[in-house]
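This report concerns only the one structure given below.
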Amino acid sequence: MDSQAGASPQTAPPAGCPMHQPQSAPLYGEDFAAHPQEIYARLRAQGPVAAVELAPGVDADLVIAHDAALRVLQNPSLFARDARRWAALNEGRVPADSPVLGMMGYRPNAMFSDGAEHLRLRKAITESLARINTARLSRDVERVADYLIDQFSERGSADLLNDYAKLLPLLLFNQLFGCTGDIGDRLTHYMSMLFDGQDVVRSNEELNACLMELVALKRRQPGEDMTSWLIQHPAGLRDEELKDQLVLLMGAGVEPERNLIGNALLLLLSEEAPAPGSRGGGLLVEDALDDVLWNHSPIANYGTHFPLQDVDLDGTVLPANSPVLISFAAANSDPSLTDARQTLSKGAHLAWGAGPHACPAKSPAQLIALTAIERILNALPDIALAAPARELAWRPGPFHRALVSLPVRFTPTAARRAAAPRPVAQTVPVPPTQAVPGEQTPKKAKGWWSSFLDVFRV
């Protein structure tokens, strides 16, 4: 890989030149969601890097070759993660309401920092994650899984994505963060709204507010949880820094985890499962997870980098301060990886990233998915897809590989314990200034987390 501070006209054609600028491929429509590998195959004609459009008006370069992806991920001296460098955004060429800003816009956390600041923040996160007791984590996953299964086991049908895979990591993070019932209900509600793109500005404000409330609570009453461990870490994180690391942990954990669980369950329940056959024929949960990490990466395209100068990457000039994303999905299907793909080698795929920003929670994430999947398969042994796998829809978006739903049917089974009434959508409390004098303030409906606490008394 060669770099140069100022590319010559021969290697860097003028911006907008129709002779040299390939048309950007859109990654946000239903066509890409349904057939991503076909899109990646067409993009390979451009070389190891392809021009893409992440959302209307948001252009980027997508690294699709495995070797080139590693060189970007492992070279922080040429590629920064600080999104404040994003030239098009700074110049007003990115729509202010673009749906990708939530994933690509700067936040003062470990994902969007570089150098010494990144090391300080990442060390606080990794050393706090290292304090998680894996036996306790497994028990926590089992309790959350049992609670969710009890909500639908008597119906004989469910949507395993929205009734299980989506909610399980949200509730588990409430446990890991040490949330009270009220804070956990709000955290679950507003994080779900953010992931679903509902009222994003207000949801983000409310999420930040309840996390600041959690930080204040844990400063007064520390416990055996991630929030308290981050507070106690020698890095001396300020309240705002603590809040932003918690947002990172939840955002980087919940969406990938639900997709890993959902995609693996689809594979296990599908009649089109790869050798050694269907679930009944011997496909292990561990095998399904490896297959998903190779072929349906929960986060397909991300790891946004910004070249510190014009960089020539195998013949494609990446302009300074323009977004360069890594296609983990395309890199994993790179034809050059034939041998590794045949054995599904755990060390070759890029689903966990690589380099200084590689996922620090690989082991707990795999444990969570493994436990969650085994728990539901054991609880509902005759569970089966309620629709052919090929007819299931995938959620549009440039970053993820995510199902819209995963409908299943099974023999109705009695709940294993006295479950609390099924929670309803979190009701936002009526502010005191809006309460009617002389009338009782409406009682706030319980959300998922407080209802879980009622059952398990955690």
Side-chain angles (χ1 to χ4, degrees), residues 1-3 11 20 22-27 31-52 54 60-79 81 256 259-260 263-264 267 272-275 286-305 307 310-318 322-359 362 366 394 398-401:
M1 176 171 59
D2 300 322
S3 62
T11 57
H20 302 281
Q23 184 176 4
S24 297
L27 300 188
D31 183 49
F32 174 71
H35 309 288
Q37 287 299 333
E38 294 181 10
I39 305 297
Y40 297 141
R42 292 203 297 268
L43 291 177
R44 287 195 177 94
Q46 298 183 30
V49 182
V52 296
L54 302 175
D61 286 304
L62 186 69
V63 182
I64 55 179
H66 186 274
D67 180 65
L70 279 176
R71 278 180 282 152
V72 174
L73 290 165
Q74 297 174 343
N75 198 339
S77 63
L78 281 179
F79 296 95
R81 296 296 296 268
N259 297 340
L260 180 58
N263 296 353
L267 180 61
E272 302 170 0
E286 292 92 336
D287 296 333
L289 290 172
D290 286 340
D291 191 282
V292 166
L293 292 169
W294 268 100
N295 298 312
H296 296 285
S297 301
I299 297 298
N301 307 297
Y302 198 41
T304 310
H305 292 72
D310 289 0
V311 176
D312 186 326
L313 185 63
D314 293 343
T316 299
V317 174
L318 306 176
S322 62
V324 176
L325 274 67
I326 306 299
S327 180
F328 306 112
N332 287 349
S333 60
D334 190 326
S336 68
L337 294 179
T338 301
D339 293 340
R341 285 186 57 78
Q342 286 178 346
T343 59
L344 294 185
S345 169
K346 293 181 175 64
H349 71 68
L350 294 181
W352 303 108
H357 285 270
C359 176
K362 173 182 174 181
Q366 291 185 115
W394 296 88
F399 306 117
H400 52 246
R401 180 61 172 162

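These values consider heavy atoms only, across backbone and side chains, with no hydrogens, waters or symmetry-generated copies.
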Quiz prompt | Residues in salt bridge (charged side-chain N to carboxylate O under 4.0 Å, His left out) contact with Asp31, at least two apart in sequence or another chain | solution = none

Practice problem: Please list, chain by chain and in numerical order, all residues satisfying side chain to side chain contact (heavy atoms under 4.5 Å, CB included) with Pro76, sequence neighbours excluded. | Solution: Pro356

Quiz item: Can you name the residues that form a side chain to side chain donor-acceptor pair (under 3.5 Å) with Ser297, not counting sequence neighbours?
Solution: Asn332

Quiz item: Can you name the nearest heavy-atom pair linking Pro307 to Phe79, along with the distance?
Solution: CG-CE2, 3.9 Å

Exercise. To the nearest 0.5 Å, tell me how far Thr304 OG1 sits from Phe399 CZ.
Key: 6.0 Å

Quiz item: Given side chains that start at C-beta, do those of Val324 and Val311 come closer than 4.5 Å, heavy atoms only?
Solution: no

Self-check item: Interatomic spacing from CG in Leu350 to CD1 in Ile299 - rounded to 0.5 Å
Solution: 14.0 Å

Quiz item: Who pairs with Asn301 by side chain to side chain donor-acceptor pair (under 3.5 Å), at least two apart in sequence or on another chain?
Solution: Tyr40, Ser327

Quiz item: Which atom pair, heavy atoms only, marks the closest approach of Leu62 to Ile326?
Solution: CD1-C, 4.1 Å

Quiz item: Under 3.5 Å, is there a donor-acceptor pair between the Asp291 and Asn295 side chains?
Solution: yes

Quiz item: Which atom pair, heavy atoms only, marks the closest approach of Leu293 to Pro298?
Solution: CD2-CD, 4.2 Å

Self-check item: Arg42 (side chain) donor-acceptor with Gln37 (main chain) under 3.5 angstrom
Solution: no

Quiz item: Roughly how far apart are Asp61 CG and Leu313 CG, rounded to 0.5 Å?
Solution: 9.5 Å

Quiz item: Atom OH in Tyr302, atom NE2 in His357: separation rounded to 0.5 Å?
Solution: 11.5 Å

Self-check item: Rounded distance [0.5 Å steps], CG in Leu78 versus CG in Leu318
Solution: 10.0 Å

Quiz prompt | Non-neighbouring partners of Arg44 that pass side chain to side chain donor-acceptor pair (under 3.5 Å), sequence neighbours left out | solution = Ser333

Quiz item: Which heavy-atom pair separates Gln46 from Ala50 by the least distance, and what is that distance?
Solution: OE1-CA, 3.3 Å

Quiz item: How would you list, by chain and number, every residue that makes a ring pair (Phe, Tyr, Trp, His ring centres under 6.0 Å) with His296, sequence neighbours excluded?
Solution: Trp394

Quiz item: Do you know which two heavy atoms are closest between Ala33 and Arg401, and how far apart they sit?
Solution: O-NH1, 2.5 Å

Practice problem: Starting at NE2 of His66, measure out to CG of Leu70 and round the result to the nearest 0.5 Å. | Solution: 5.0 Å

Quiz prompt | Close side-chain approach of Val52 to Phe32, heavy-atom, < 4.5 Å | solution = no

Quiz prompt | Donor-acceptor pair, side chain of His305 and main chain of Gly303, under 3.5 angstrom | solution = yes

Quiz item: With sequence neighbours excluded, what pairs up with Ala65 under the side chain to side chain contact (heavy atoms under 4.5 Å, CB included) test?
Solution: Pro48, Ala68, Asp334

